[in-house]
Colleague: 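Pasting a structure below so you can have a look.
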There are 2 protein chains.
Amino acid sequence: MLRITRETDYGIILMSALAQADEASLSAALLARRCRLPVPMVGKTLKALAQAGLLISQRGAHGGYALARHPAEITVAEVVEALEGPIAITECSSAEPSGCVFLEHCQVNSHWNRINEIIRSTLGAISLKQMSQWPSSLRGADSPVTINPLSALLGEHSSVQPDPTRR
Amino acid sequence: MLRITRETDYGIILMSALAQADEASLSAALLARRCRLPVPMVGKTLKALAQAGLLISQRGAHGGYALARHPAEITVAEVVEALEGPIAITECSSAEPSGCVFLEHCQVNSHWNRINEIIRSTLGAISLKQMSQWPSSLRGADSPVTINPLSALLGEHSSVQPDPTRR
DNA sequence: TTAATCAGTACTAGTTTGGTGCTATATAAA
DNA sequence: TTTATATAGCACCAAACTAGTACTGATTAA
């Protein structure tokens, strides 16, 4: 648990595929084939990403989707927030009022806010360029974000590869 | 989004209440009253936490629940995992095989594993004792966990208190 | 024996997720 | 101008999950 939705998973995969594609723009159908993902969901996901301004769409023949910015300047946090809304680990971590009248004597709320901030900045410290490269090159310092808890761990953790299956 | 369930939220609040209670043991009904949470959900949540070994339950009159260990030695990660199962930000980050046959040429999977590890160790670096204290005392160094991305941010971020409502 | 209290299970309404289908609109090229 | 190719925008659906309720049984102190 504590999981991103499958659509967000798709979103990251698709954006990564665009980041490392030779072509400037790719159609939804081609992207689906290249990433081996179901076509309808790919269309839906790309639409949402375009609406959020992370992709630029071109209609009509020879149309398709292209990254709106350089992959080093798009963060994982942006993609997650485009597809799931603001990152909020609890109801009370979100920007909108949650309607809880007990906040004033809630001891754990501010701690969750801090935890939320760490998660947000962790995801904000990883660029699409990094996500689109194979693990060994993750150490490259092309992230645009300065606060970077990720860097504290990179290279110190033995990369855990738990199981040989996906989806 | 990217949210813990409300039951987990309750779980942390309840464990924190136990951590700072004068009594060694509290009944579900009393805890519910003290935390202003719905009684049935409190009972359900406490049962699950006891089953996971984080609480010790005592049946019968004058029974109730008590922390199984010292609050400084119980982490937020443990509570989350007790109520939601293993922390896995994607299907493929979990320990169980996900059945995805494309893992071998999935570029983003290993990156998610690293992100997952950061989130897990962030939650594993925060003790119940810390959660049960008011924000200013969070800086105290009583966490049993050595790898601590939290420490990189503590004291540097201005505490954001977004909205005055909860639940 | 009795009242208090946890254990276990089953159930339900509502929401979210994952996915499908259809129609409208835009565009390049024949 | 027509046609094939694409995206845009809905509306819809089944399955799963979440949050919460209800009830019965077991345990224990007084």
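Order of the sequence lines sets the chain letters (A, B, ...), proteins ahead of strands, with each chain counted from 1. The figures that follow rest on heavy atoms only: side chains count, while hydrogens, waters and symmetry mates do not.
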Colleague: Name all residues meeting the side chain to side chain donor-acceptor pair (under 3.5 Å) criterion together with Arg33(A); count only those two or more places apart in sequence or in a different chain, and write none if there are none.
Modeller: none
Colleague: Could you go through residues 47-67 of chain A and list every donor-acceptor pair under 3.5 Å that involves a side-chain atom there, pairing it with any protein atom two or more places apart or in another chain?
Modeller:
none

Colleague: Take His62(A) and Ile4(A), find for each the nucleotide of DNA chain C with the closest heavy atom, and name the residue whose nucleotide sits nearer the 5' end.
Modeller: Ile4(A)
Colleague: Rounding to an integer number of Å, can you tell me how far Ile56(B) CD1 sits from dT27(D) C1'?
Modeller: 17 Å
Colleague: Atom CD of Glu91(B) to atom C1' of dC17(D): distance rounded to whole Å?
Modeller: 14 Å
Colleague: Is any NZ, NE, NH1 or NH2 atom of the basic residue among Glu7(B) and Lys44(B) found under 4.0 Å from an Asp or Glu carboxylate oxygen of the other?
Modeller: no
Colleague: Once you round it to whole Å, what is the distance between P of dA6(D) and CG of Leu55(A)?
Modeller: 17 Å
Colleague: Take the protein atom CE of Met41(B) and the nucleotide atom P of dC17(D), then report the distance between them rounded to whole Å.
Modeller: 16 Å
Colleague: Tell me which of Gly60(A) and Val39(A) sits closer to the 5' end of DNA chain C, going by the nucleotide each one is nearest to.
Modeller: Val39(A)
Colleague: Of the nucleotides dT5(C), dG20(D), dA6(D), which one has an atom closest to the side chain of Ser27(A)?
Modeller: dA6(D)
Colleague: Considering only distance and modelled atom types, tabulate donor-acceptor pairs under 3.5 Å from the side chains of residues 79-88 of chain B, sequence neighbours left out.
Modeller:
from: Glu81(B); atom 1: OE2; to: Ile87(B); atom 2: N; distance (Å): 3.4
from: Glu84(B); atom 1: OE2; to: Thr5(B); atom 2: N; distance (Å): 2.8
from: Glu84(B); atom 1: OE2; to: Thr5(B); atom 2: OG1; distance (Å): 3.3
from: Glu84(B); atom 1: OE2; to: Thr8(B); atom 2: OG1; distance (Å): 2.5

Colleague: Does Gln133(A) offer a backbone N or O that forms a donor-acceptor pair with the side chain of His111(B) under 3.5 Å?
Modeller: yes
Colleague: Using a heavy-atom cut-off of under 4.0 Å over every strand shown, decide if Ala28(B) touches base, sugar-phosphate, or nothing.
Modeller: sugar-phosphate
Colleague: Applying side chain to side chain donor-acceptor pair (under 3.5 Å), can you list everything that pairs with Gln20(B), at least two apart in sequence or on another chain?
Modeller: Gln107(A)
Colleague: Between atom CG in Leu37(B) and atom P in dA19(D), what is the gap in whole Å?
Modeller: 13 Å
Colleague: To the nearest angstrom, how far is Leu54(A) atom CG from dT7(D) atom C1'?
Modeller: 17 Å
Colleague: Who passes side chain to side chain contact (heavy atoms under 4.5 Å, CB included) against Ala29(A), sequence neighbours left out?
Modeller: Ser27(A)
Colleague: Using atom CG of Leu31(A) as one end and atom C1' of dA6(D) as the other, report the distance to the nearest whole Å.
Modeller: 13 Å
Colleague: Could you go over nucleotides 8-15 of chain D and give all protein N or O partners under 3.5 Å, atom names and distances?
Modeller:
from: dA8(D); atom 1: OP1; to: Ser57(A); atom 2: OG; distance (Å): 2.6
from: dA8(D); atom 1: OP2; to: Tyr65(A); atom 2: OH; distance (Å): 2.6
from: dA8(D); atom 1: O4'; to: Arg59(A); atom 2: NH2; distance (Å): 2.5
from: dG9(D); atom 1: OP2; to: Gln51(A); atom 2: NE2; distance (Å): 3.4
from: dG9(D); atom 1: N7; to: Lys47(A); atom 2: NZ; distance (Å): 3.1
from: dG9(D); atom 1: O6; to: Lys47(A); atom 2: NZ; distance (Å): 3.3

Colleague: Take atom CG of Leu14(A) and atom C1' of dT7(D), then tell me their distance rounded to the nearest Å.
Modeller: 15 Å
